[in-house]
Amino acid sequence: MSAKFIAIFILTVFASCECSKILFMHPSFSKSHVKPLQVLAVELANKGHEITFVTMYPLDKPVKNYRDIKIEVNEEDSKVYTDIGKAMTAGENIFKMIPALDKAIFENGNKILQSAAIKNLMNNGQFDLVVTGYFMNEYLLGFADHFKCPSIIFFSGPHVSSLNAMVGNPLSPEGTAHGLLQATYMNGFTQRLKNILFFGVDFIMFRTFFYYRAKSVYNYNFPPDRYRSYDEMIRNVSLVLVNTHFTSSGPRPLLPNLVEVGGLQVKPNPAPLPEDLKTFLDDAKDGAILFSFGSNAKSIYIPEDKQKIILKVFSKLKQRVIMKWESDVLPGKPKNVLISKWLPQDDILAHPNIKAFISHCGYGGVIEAKSNGVPIIGIPLGADQKGNADKIVEEGWAVRLDMTDITEESLTNALKEILSNPKYRDIVGKQAILAKDRPMNAQDTAVYWVEYVLRHNGAPHLHYPGADLNFFQANSIDVILFIFAVIYAAFKVIKLICGFIFCRSKKGSNEKLKRN
Ligand SMILES: *[C@@H]1O[C@H](CO)[C@@H](O)[C@H](O)[C@H]1NC(C)=O
């Protein structure tokens with residue numbers, strides 16, 4: 001008995017020795033991008049790792065082994081973020097938002113790196129691993145060099161070309177739709193053409209514009225005389241975790257160090273709901289509907305005439321409605337509607353009384369709805385949302401209704417269709433089963449791979465040699481041109497030789513003719 005106890009004690013001590021100091025960097029203003037990475041950080045803290053997380057959105061409740069470093073946001077910066085939210089809710093063209101995004105990501109990013117909190121972290125911190133939350137912020141990769149440790153990058157959205165490029169994963173545009181074209185199945189010439197053009201625009205934006213903007217921030221904070229170069233650090237990433245899964249975004253070629261952890265933010269067992277939400281949902285005898293536009297776009301920025309229509313339609317429903325509403329007051333709020341500034345979305349979606357989700361079709365929300373088997377009424381606004389909406393309409397568990405098309409009639413019809421036609425629930429139920437059928441759930445997969453990188457000191461054996469090649473080399477264009485050149489030269493030589501022989505034999509026969 002005591003021997004067993006001692007054995008367990010030694011094992012525990014031994015296990016706790018394996019724990020590492022991990023720095024998570026996700027200073028982005030986009031809360032929905034930060035949340036999934038926090039789930040991973042908490043999982044690692046629960047396993048005994050010592051976590052430091054740099055963010056604008058510290059955890060609500062303290063977690064053991066977990067320390068937040070909060071980034072302070074002044075009024076001016078907060079206005080930039082609000083403006084982006086407003087533009088997104090208005091479905092503004094992404095190109096028009098570039099100046100605001102540029103300020104938010106690069107100017108403010110630089111300011112954050114210069115802040116006292118980060119300087120202090122750089123002077124006094126010591127880490128075994130840096131995990132960066134991607135948001136066009138490759139300049140953060142300098143921290144891995146600063147702390148002389150491996151680095152992992154995580155993205156909460158779909159596959160993007162810049163992350164593929166880091167580890168040299170093939171984009172395969174011939175069979176893999178671009179992240180913004182989710183709905184397009186890759187068959188037929190025009191689709192492939194459209195896809196290539198999307199990758200072209202993506203290349204100009206992400207791999208050229210954002211790349212150089214991030215590089216300048218990197219060079220300012222990690223000057224080349226003291227640090228490894230920006231490009232070197234990009235290629236030094238050990239592992240990329242992407243919040244996708246082939247059950248949502250389709251099968252594609254994946255290198256072993258590009259790991260899909262789609263649904264990271266969906267807890268295997270939902271957390272208990274806050275008391276008010278729980279009672280509201282438990283008592284919803286006719287079911288309930290969740291309405292949320294996510295964290296960047298906001299319900300309060302919905303045009304006023306559309307707000308009125310939405311509330312009027314809600315007031316006539318027998319179902320209850322939980323609405324994400326970023327203010328304390330909602331004039332004309334119907335009795336069956338509950339408002340809240342922030343919602344534990346996936347826990348709400350897991351409640352059996354939730355019958356439908358009215359969503360802007362952000363990537364995270366779609367996965368959460370799918371995992372919980374809840375049909376969607378999609379009101380896509382911008383970014384990848386239209387593609388996401390089309391894709392789930394194609395899959396058969398959603399209806400799409402654009403903001404400009406919202407009328408009392410169209411919204412009522414969409415709700416009626418989703419709530420009364422059993423087809424949607426059946427299909428999404430099957431999709432949920434598929435999405436969950438994996439060797440390990442998303443959280444365990446992510447934890448496994450992070451610890452794998454730690455165990456094997458950055459796991460350089462995963463590094464794909466193709467990652468170090470330029471465009472021409474990676475597509476073997478130089479080799480193909482060389483082979484053609486050799487064939488051409490050989491052809492020329494053969495022609496020359498033939499010509500020579502032919503000439504001589506002609507000459508010979510001419511001479512023979514003359515002699516006769
Ligand atoms: C990162 O760079 C270090 C130092 O050159 C090297 O030892 C390590 O293997 C690299 N890691 C990867 C994943 O390329």
Side-chain angles (χ1 to χ4, degrees), residues 18-26 37 40-41 44 49 51-52 54 113 121-122 125-156 159-171 206-207 211 214-215 217-244 252-261 264 445-475:
E18 301 243 328
C19 292
S20 307
K21 292 190 169 131
I22 309 176
L23 172 63
F24 281 79
M25 297 288 305
H26 209 330
L37 192 58
L40 173 58
L44 287 162
H49 297 287
I51 306 298
T52 304
V54 176
L113 293 189
L121 177 77
M122 288 176 81
Q126 205 189 0
F127 298 99
D128 305 308
L129 175 70
V130 182
V131 183
T132 304
Y134 179 76
F135 202 75
M136 287 76 91
N137 49 9
E138 285 98 327
Y139 48 79
L140 297 173
L141 295 174
F143 284 99
D145 190 32
H146 182 84
F147 295 116
K148 299 283 172 257
C149 64
S151 88
I152 291 179
I153 202 152
F154 166 82
F155 185 47
S156 68
H159 287 273
V160 288
S161 63
S162 34
L163 295 185
N164 276 260
M166 273 180 197
V167 289
N169 197 68
L171 291 174
F206 281 83
R207 310 263 301 277
Y211 168 88
K215 188 173 185 168
V217 178
Y218 180 95
N219 286 340
Y220 186 74
N221 291 281
F222 304 100
D225 56 326
R226 279 187 287 140
Y227 287 97
R228 298 168 69 188
S229 76
Y230 176 64
D231 290 305
E232 234 178 302
M233 290 319 288
I234 286 181
R235 276 196 303 274
N236 201 233
V237 167
S238 293
L239 175 73
V240 175
L241 297 171
V242 191
N243 202 9
T244 55
R252 64 180 65 226
L254 288 174
L255 285 169
N257 56 352
L258 179 57
V259 176
E260 294 196 307
V261 293
L264 191 58
T445 309
V447 167
Y448 173 84
W449 282 103
V450 170
E451 291 188 331
Y452 183 95
V453 167
L454 281 166
R455 268 199 301 279
H456 304 292
N457 306 316
H461 60 280
L462 293 179
H463 187 80
Y464 171 54
D468 306 321
L469 304 177
N470 66 33
F471 178 80
F472 293 98
Q473 296 165 329
N475 291 287

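Numbering of ligands and ligand atoms starts at 1, following listing order.
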Do any N or O atoms from the side chain of Asn236 and from the backbone of Glu232 form a donor-acceptor pair under 3.5 angstrom?
-> no

Give the C-alpha distance, both sets of side-chain angles, the deciding distance and a yes or no for side-chain hydrogen bond (donor to acceptor under 3.5 Å, both in side chains) between Tyr218 and Asp231.
-> CA-CA 10 Å; Tyr218 180 95; Asp231 290 305; over 6 Å; no

Considering only non-hydrogen protein atoms, determine which one is nearest to atom 2 (O) of ligand 1 and report residue, atom name and distance to 0.1 Å.
-> Asn236 ND2, 2.5 Å

Only counting residues at least two apart or in another chain, list the ones meeting ring-ring contact (aromatic ring centres under 6.0 Å, His included) with Phe127.
-> Phe147

Atom 5 (O) of ligand 1 sits nearest the protein heavy atom Arg228 NH2, 3.4 Å

Pairs touching residues 448-461 that satisfy salt bridge (Lys or Arg N to Asp or Glu O under 4.0 Å), sequence neighbours left out | Lys47-Glu451

Specify whether the nearest protein heavy atom to atom 9 (O) of ligand 1 is under 4.0 angstrom away.
-> yes

